[in-house]
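Okay, structure first, notes after.
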2 protein chains.
Amino acid sequence: MDELVARKISEPPSVAAWRNAAVEAAAATGDGDALELVELFFFAYRDFVGDADRLLENYGFGRAHHRVLHFVNRRPGLTIAALLDILKITKQSLNRVLKQLLEAGFVEARAGVVDRRQRLLYPTPEGATLARDLAALQSARFRKVMDELPPAARGAASKFLFAMIDVGERERVRAHLACAKAAGAAT
Amino acid sequence: MDELVARKISEPPSVAAWRNAAVEAAAATGDGDALELVELFFFAYRDFVGDADRLLENYGFGRAHHRVLHFVNRRPGLTIAALLDILKITKQSLNRVLKQLLEAGFVEARAGVVDRRQRLLYPTPEGATLARDLAALQSARFRKVMDELPPAARGAASKFLFAMIDVGERERVRAHLACAKAAGAAT
DNA sequence: CTATTTACGTCAACTATATTGACATAAATC
DNA sequence: GATTTATGTCAATATAGTTGACGTAAATAG
């Protein structure tokens with residue numbers, strides 16, 4: 001046994017094997033253009049979230065806090081159930097980060113007026129400021145993108161992103177955006 | 001103290017406070033359109049990765065395995081360093097999932113020919129098949145999107161996604177895509 | 001009015017994915 | 001021969017998620 005075996009390095013089954021598989025893959029998926037889009041989407045999202053991550057570090061918060069704060073700020077008065085529906089996580093998972101945001105004074109909760117079991121979530125002024133700073137970073141990227149894109153392509157972005165959403169989720173997303181627009185008055 | 005205090009529910013600072021903050025935010029970020037794009041990007045990515053997640057469950061793999069397998073399949077002979085550069089994670093983090101993929105027989109490694117310190121990563125036939133199935137799911141979404149988009153908007157998607165990538169990363173991504181295209185022959 | 005359902009909180013154990021820091025080894029290079 | 005490079009590995013820790021079980025107060029159905 002040489003050092004290669006010791007390090008669990010072996011000969012590949014055959015170069016032809018994976019090459020054939022790759023060609024098959026291309027045939028099965030139609031073309032490589034779609035694959036290229038898959039990768040671009042991955043890279044784009046990686047860099048997109050990176051912006052906010054750096055700011056969040058200063059507060060000891062992570063992406064989970066960001067998402068919660070974002071949606072609470074965007075739709076003040078949001079219920080726990082509505083938030084869970086947007087985030088698609090369990091209440092236990094939400095509760096941990098929400099508790100931290102409440103304790104840190106970035107989010108406040110009050111009992112619902114029509115249904116007192118509900119906790120309506122609101123950003124505090126500090127929370128709203130942080131949410132605004134985070135949103136500013138991310139929308140700055142979008143605005144920069146729109147600037148460097150040919151005018152004809154600009155309107156396509158939101159159509160494209162919306163079309164990427166699960167068909168069954170689109171109505172919900174549309175409703176959320178309408179809700180946010182109504183709440184924010186200027187968003 | 002009533003039950004509301006016990007449950008850490010308090011009155012919001014004032015409805016006006018957060019409303020003003022939201023208006024400020026809109027003013028600071030220019031407009032709500034960019035904010036809307038931020039959210040659409042979040043929802044789109046959430047559903048996009050969901051496709052693959054469901055398939056990966058059957059193999060006991062997670063997203064981390066998916067990413068590794070994907071890039072190994074796309075660029076057979078990839079080195080550890082190149083993979084780390086793409087994924088932007090630490091070698092310790094990569095090593096855990098890579099070890100599992102090697103042990104499960106989805107990826108193979110062999111010593112580099114020009115530099116024997118390097119481990120060149122290749123998908124096994126099984127790995128290539130899984131990678132293909134995963135890619136098929138995700139590119140199917142993209143192809144469906146292209147179908148439902150007006151023809152004029154189709155070309156815009158890849159331009160848009162590329163523009164979303166950090167300027168300093170674009171050359172690297174471009175190189176990766178060229179590399180993948182050369183390796184896959186048909187992708 | 002009682003029974004049930006609903007909206008939420010919480011404890012516990014576990015998994016997946018990432019991090020930092022320190023140290024080891026073999027191969028390449030100066 | 002000394003150093004740098006490519007990689008592996010051990011250990012501790014953090015973040016973000018899960019399932020399952022149980023509790024409570026308020027709304028609602030019978």
Side chain of A:Q92 (C-beta onward), nearest among D:dA6, D:dT7, C:dC11: C:dC11
Side chain of A:D115 (C-beta onward), nearest among D:dG17, C:dA7, C:dA18: C:dA7
Distance test, side-chain N/O of B:N95 to OP1/OP2 of D:dT7, below 4.0 Å: no
Should A:H65 be listed as having a side-chain N or O under 4.0 Å from OP1 or OP2 of D:dA16? yes
Taking the ring centre of each residue, are A:H176 and B:F43 less than 6.0 Å apart? yes
Phosphate contact (D:dA14 OP1 or OP2) by A:R63 side-chain N/O below 4.0 Å: no
Taking CG from A:L94 and P from D:dT15, how many angstroms apart are they, rounded to a whole number? 17 Å
When you measure only distances, ignoring hydrogens and angles, does the side chain of B:R117 come within 3.5 Å of the base of D:dT5 through a donor and an acceptor? yes
One thing to verify: whether B:E39 and A:R75 come together as a salt bridge, which I'm taking to mean a side-chain N less than 4.0 angstrom from a carboxylate O. no
It should be established whether B:T90 places a side-chain nitrogen or oxygen under 4.0 Å from OP1 or OP2 of nucleotide C:dT19. yes
5′-ward residue of the pair A:Q100/B:L98 relative to DNA chain D: B:L98
DNA chain D: 5'-proximal contact among A:K88 and B:I80 (nearest heavy atom): B:I80
OP1 or OP2 of C:dT25 versus the side-chain N and O atoms of B:R116: is any pair under 4.0 Å? no
Nearest-nucleotide pick for B:A64, side chain only, options being D:dA16, D:dT7, C:dT17: C:dT17
Tell me: CZ of B:R96 to P of C:dT15, nearest whole Å? 13 Å
B:R141/A:D166 ion pair, N-O < 4.0 Å: yes
Options D:dA16, C:dT19, D:dT7, nucleotide nearest the side-chain atoms of B:I89: C:dT19
When you measure from the side chain of B:Q118, which nucleotide among C:dA7, C:dT17, D:dT7 comes out closest? D:dT7
Among D:dA16, C:dA18, D:dT9, the one nearest B:K91 by side-chain distance: D:dT9
Taking the six-membered ring for Trp, is the centroid-to-centroid distance between B:F61 and B:F106 below 6.0 Å? yes
